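A quick write-up on the structure given underneath.
Computation of the quantities below employed the complete heavy-atom set of this structure, encompassing side-chain atoms and omitting hydrogens, waters and symmetry-equivalent molecules. What you are looking at is a predicted structure, and each value in this text was computed from that prediction instead of being measured.
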Amino acid sequence: MPMVTLIFAVLLFLLGVAGYIVTGQQHVTALIPAALGVLLGLCAAWAWAMPSWRKHAMHVAMVLALLGVLGTLRAIGPLVTLLTGGQVERPAAVIAQVIMLALAAAYLALGIKSFIDARRARSATGSA
């Protein structure tokens, strides 16, 4: 899971930097996905550096991903407006938020699946 975390960290970082550049470097909030990416990258590094703490690092990463999902849910309304031909104040921000929502949700789903698989593997071997 640390490698998956690193991949999503890089994708979120690139999204944040690209969003910042596309918006003319006027809105620092465009870097929020990059900040989440850096935090996820730190979790991945923590998991690799301290294998005995891997589970804790991945749980922290899942909480961060959940916060990313919850923080971007509000972009769904403006996305619907955009898709139905309406106008929104900052369409680039809406698109970046929706991409961040998709990435964070996908990462969260993969993490939950990984936790379930790990628990099942522990149960199958008899160690709880």
Starting at NE2 of H59, measure out to SG of C43 and round the result to the nearest 0.5 Å. 12.0 Å

Same cluster for V38 and Y20 if Ile/Leu/Val/Met/Phe/Trp/Tyr side chains link at under 4.5 Å? no

Can you give me the closest heavy-atom contact between L15 and A96, atom names plus distance? CD2-O, 3.7 Å

Identify the two heavy atoms, one from A92 and one from T23, that lie closest to each other, and give their separation to 0.1 Å. CB-CG2, 4.2 Å

Atom CD of Q25 with >12 non-hydrogen neighbours under 6.0 angstrom: yes

Write out all pairs satisfying side-chain hydrogen bond (donor to acceptor under 3.5 Å, both in side chains) with one or both partners inside residues 91-114, taking only residues at least two apart or from two chains. T5-Y107, K113-D117

Contact check, side chains of R119 and F115, non-hydrogen atoms, under 4.5 Å: no

d(M62 CE, L67 CG) to nearest 0.5 Å is 12.0 Å

May I ask whether V4 and I116 are part of the same hydrophobic cluster, defined by side-chain heavy atoms of I, L, V, M, F, W, Y residues being less than 4.5 angstrom apart, directly or through others? yes

If you measure from CG on L82 to OG1 on T84, what distance do you get to the nearest 0.5 Å? 8.0 Å

Output the distance between atom CE (M58) and atom CG (L40), rounded to the nearest 0.5 Å. 8.5 Å

Euclidean distance, L6 CG relative to L11 CG, rounded to 0.5 Å: 9.5 Å

W53 reachable from M3 in the ILVMFWY side-chain graph, under 4.5 Å edges: yes

If hydrophobic clusters are built by linking Ile, Leu, Val, Met, Phe, Trp and Tyr wherever their side-chain heavy atoms come under 4.5 Å apart, do V88 and L83 end up in the same one? yes

Can you tell me how far apart NE2 (H56) and CH2 (W46) are? Round to the nearest 0.5 Å. 7.5 Å

If you take all heavy atoms of F8 and L103, which pair is closest and at what distance? CE2-O, 3.4 Å

Does one hydrophobic cluster hold both M1 and M50, with members joined at side-chain heavy-atom distances below 4.5 Å? yes

Is there side-chain contact between M100 and L36, with heavy atoms separated by less than 4.5 Å? yes

Sorted by chain and number, sequence neighbours left out, ring pair (Phe, Tyr, Trp, His ring centres under 6.0 Å) with H27 holds for none

N/O donor-acceptor pairs under 3.5 Å from side chains in residues 70-78, not counting sequence neighbours:
{"unit_1": "T72", "atom_1": "OG1", "unit_2": "G68", "atom_2": "O", "d": "2.8"}
{"unit_1": "T72", "atom_1": "OG1", "unit_2": "V69", "atom_2": "O", "d": "3.2"}

Heavy-atom closest contact (A44 atom, P2 atom, distance): CB-O, 3.5 Å

